[in-house]
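Shown next, in C-alpha cells, is the structure this report addresses.
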Amino acid sequence: MRLSRYFLPTLRETPKEAEIVSHRLMLRAGMIRQEAAGIYAFLPLGHRVLRNVCRIVREEQDRAGAIEMLMPTIQSADLWRESGRYEDYGREMLRIKDRHDRDMLYGPTNEEMITEIFRAYVRSYKDLPLNLYHLQWKFRDEVRPRFGLMRGREFLMKDAYSFDVDHAAAIHSYNRMFIAYLRTFDRLGLKSIPMVAETGPIGGSLSHEFIILADTGESEVYCHRDYLDFAVPNADIDFDDAAMLRAQVERWTALYAATSEKHDAAAFARIPADRRVAARGIEVGHIFHFGTKYSEPMRAVVSGVDGAERPVHMGSYGIGPSRLVAAIIEASHDDNGIIWPPAVAPFAAVILNLKQGAVETDAACERLYRALRARQIDVLYHDLDERPGSKFATADLIGIPWQIMVGPRGLAEPARILPEIATVRGSIFLAGAVSASPENALMRCGRADVPAARVDRAWIESEDCQ
RNA sequence: CGGAGCGUAGCGCAGCCCGGUUAGCGCGCCAGUCUGGGGGACUGGGGGUCCCGAGUUCAAAUCUCGGCGCUCCGACCA
C-alpha cells in the first residue's frame, strides 16, 4: 500500500478525552474514531489489526473443534423472557421496540438464542458434542464507558457455546476452550494467565478469566510467578484426548492465580516471596461452565443412550477482539508509539523513502516495494513528501514491526547493516545499491507466523544479508 | 447513578471573572522557494452556526436560565 493512496489520519497531538495509553495511541495512529460515548468506528489501520486478531481467534477456535456461524445483533425479548433474564439483566441491556411495538433488544450476549437454535434441531446424544461460535458486535449500555476500546459500549465479541450430553463431557468441552484460549493469546503475542473468576450475570459453577498483565490494567491480580514461564500447548495437541487436556488444565490451574474479587490473601502468602506477583491485569477472555441453567428453562433436551430426555449441559466462552486490540497496545508500546507483535501488525514492514523525489531513492523504493508485494508481503510505502524525521515518527507511532529506511546516505555507502535504533522496533538500513541480496533480505519481512517469511535479527546481521 | 469538570478551526489551547475593533495562538491543511538520516525554515493563503435554545443588554464567545454532548473520580461490567 502506498501511503499517498491510503487513509491514515494520524494526529500529532493527543485528543484530550483520551486518558489511557491505548486510547491515546489508537486515536493518534488513526486507527479509530469515536462516534458516541463508548462507540467507535475502526478506520483502515485499526481494521487491519482487528482483522488479524479475529483471524487468529478463528484459527484457534476451529482447531479446537468449534464451528463458526453468525447470529444477529437484534434479538426478540421473548427469548429472554424464557430464560428469565429479560428482567434480570438490568439497564445494561439496550431495549428497543420495532414498528409493531414489539420488544426487541440489541444483544449483550447470545446464550438464549443459541439455545433456541440448538433445541430446534438437536434431539440425540449422537449429535454431541457440539460447539458453535460466532464473532458479532455486542452492546452493553454501561453507565460509564471509559478507556476507549477497553470498556466501550459496543464491542466485538467471539462467543462460543458448547453442548454436551453430561457433566463429564461438558468439562472436556470447557477444557478444549481453556487450551484454545491459551494458544490464542500466545499467538497474539500476549502472556495470559487463567484466573478463577466470578460468574456474574452469565451464571454457572466453573469459570476462568484470562488475564494479561499490563501496568495500566483495570484490575488487581495476584498470581504465582511461574505462570509467566509456562509453555503453551503446541498446535498439534489432540483436542479429543480428554485425559491429556485435563492434565494440561490442571497444570495451568494448580498454582495460585486470582483477581482481587476472588483474592485469598492467606493462600497468596503461602507462595514463596520471590515467586509472588501482585500486578495489574486486563481481562481478555472469560469462559463459563453453567450446566443446565439455560437448557432447563428453555427445554433444550437430548435423548440419551437409554432413550430418556435430559437437558443438555452447556458452557459459553468469550473473547473480546476489539478490547484485545487495546490490550495488546497496553502491553506493547513505548514513548514513541505502538509496538505491534508481528502476528497482528497492520503491515509487516514499512518502507521509508528518506528523500522523496530524488531519482535514486525513488527508484530504489519503487523496486523494493514491487518486489515485496510480488512476494505477498504486506508492506506500506511511505511515499509522501515529508522530512525523514516526520516519517520516522509516523512509522514509530503506527508500530510497523520492520522499518526499511532508504536514503541517499545508505545508498552511497558500502553495504552495511545497522542493528537497530533506540527502540525494540526492528529497523533495516538498506545499504548499497538495491541489488539482489538486500532485497532478498527484505523479502523475509513478513508475518512471524508464516515460517517462510520469518526474519530475525541474527539473520539480518549475518553474511546472507549484505 | 452520586461527585467534579469541559464544549471556541481537523488537533491542542488562549480569550470568558471585568460584555464593546474584523475572535486569537501553536500544530496540521493549501501554494511556492530553499531543503532532506529523528516531527525543518521562510513567504503567502484557506479554514469558525464560539455545542444548541431562550433571556438580559444599545451590544453576548463573555452574564442568566434550560437543554444536549463529552470527559474524569467513585459504585458496576467482556
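Chain naming here is simple, since letters A, B, ... match the order of the sequence lines and numbering starts at 1 in each.
- Comparing atom distances between the A/Phe392 side chain and each of B/rA78, B/rG37, B/rC70 picks out B/rG37 as nearest.
- Straight-line distance between the P atoms of B/rG44 and B/rA61: roughly 30 Å, to the nearest whole Å.
- Using a 4.0 Å heavy-atom distance criterion, A/Gly152 is classed as a base contact.
- A salt bridge links A/Arg48 to A/Asp378: at least one charged side-chain nitrogen sits closer than 4.0 Å to a carboxylate oxygen.
- Shown here, B/rC18 forms no base pair; nothing in the strands shown gives a Watson-Crick or G-U wobble contact with both key distances under 3.5 Å.
- One P atom belongs to B/rA9, the other to B/rC51, and the distance between them is 8 Å to the nearest Å.
- Judged by distance alone, the side chain of A/Lys355 and the main-chain N or O of A/Pro408 form no donor-acceptor pair under 3.5 Å.
- Base-pair partner of B/rC34: B/rG40 (Watson-Crick or G-U wobble, both distances under 3.5 Å).
- The side chain of A/Arg146 approaches B/rA75 more closely than any other nucleotide in the set B/rG37, B/rC70, B/rA75.
- The residue A/Gly320 sits apart from the nucleic acid: no heavy atom pair falls under 4.0 Å.
- Picking from B/rG39, B/rG74, B/rU71 the nucleotide with the shortest atom distance to the side chain of A/Thr394 gives B/rG39.
- Taking only side-chain nitrogens and oxygens, A/Gln34 comes nearer than 4.0 Å to OP1 or OP2 of B/rU71.
- B/rG7 and B/rC17 have their P atoms separated by 14 Å, given to the nearest Å.
- Pair assignment for B/rG74: B/rC1, on the basis of Watson-Crick or G-U wobble contacts that are both within less than 3.5 Å.
- The residue A/Ala36 sits close only to the backbone: its heavy atoms come under 4.0 Å of sugar-phosphate atoms, none of a base.
- Shown here, B/rC11 forms a base pair with B/rG26; the pair counts as Watson-Crick or G-U wobble because both key distances fall under 3.5 Å.
- Look at B/rU49: it lacks any Watson-Crick or wobble partner with both distances under 3.5 angstrom.
- One P atom belongs to B/rC25, the other to B/rG69, and the distance between them is 34 Å to the nearest Å.
- For the pair A/Arg81 and A/Tyr86, the distance from NZ or CZ to the six-membered ring centre is under 6.0 Å and the angle to the ring normal is within 45 degrees.
- At the heavy-atom level, A/Asp385 lies under 4.0 Å from base atoms of the strands shown.
- Shown here for A/Pro321 and A/Leu135, the closest heavy-atom pair between the two residues is CG-CD2, 3.8 Å.
- Spacing between B/rG45 and B/rU64 at atom C1', rounded to whole Å, works out to 41 Å.
- Base-pair partner of B/rG55: B/rC63 (Watson-Crick or G-U wobble, both distances under 3.5 Å).
- Toward the 5' end of RNA chain B, the nearer of the two residues A/Arg28 and A/Gly285, judged by each one's closest nucleotide, is A/Arg28.
- Comparing the P positions of B/rC13 and B/rU8 gives an interatomic distance of 10 Å, to the nearest angstrom.
- Considering only residues two or more places apart in sequence or on other chains, A/Leu384 meets the side chain to side chain contact (heavy atoms under 4.5 Å, CB included) condition with A/Leu3, A/Ser4, A/His382, A/Glu386.
- To the nearest whole angstrom, the two C1' atoms, one in B/rA60 and one in B/rC77, are 44 Å apart.
- Put simply, A/Arg144 has a side-chain N or O that comes within less than 4.0 Å of OP1 or OP2 on B/rC73.
- Taking atom C1' in both B/rG40 and B/rG28, the straight-line distance is 15 Å, to the nearest Å.
- Closest to the side chain of A/Glu19, from the set B/rG39, B/rG36, B/rC72, is B/rC72.
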* Can you give one letter per nucleotide of nucleotides 8-16 of chain B, going 5' to 3': B for a protein heavy atom under 4.0 Å from the base, S for sugar-phosphate only, - for none? -> ---BSS---
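- Between A/Arg85 and A/Glu111 there is a salt bridge, since a side-chain N of the basic residue sits under 4.0 Å from a carboxylate O of the acidic one.
- In summary, A/Lys138 and A/Glu154 do not engage in a salt bridge, as defined by a charged side-chain N under 4.0 Å from a carboxylate O.
- Nucleotide B/rG69: paired with B/rC6 (Watson-Crick or G-U wobble, both distances less than 3.5 Å).
- The pair A/Arg63-A/Glu59 does not meet the salt-bridge criterion, since no charged nitrogen lies less than 4.0 angstrom from a carboxylate oxygen.
- Between A/Arg280 and A/Asp215, no side-chain nitrogen of the basic residue sits less than 4.0 Å from a carboxylate oxygen of the acidic one, so the salt-bridge criterion is not met.
- A residue-by-residue look at A/Glu386 and A/Gly318 shows that A/Glu386 has its nearest nucleotide of RNA chain B further toward the 5' end.
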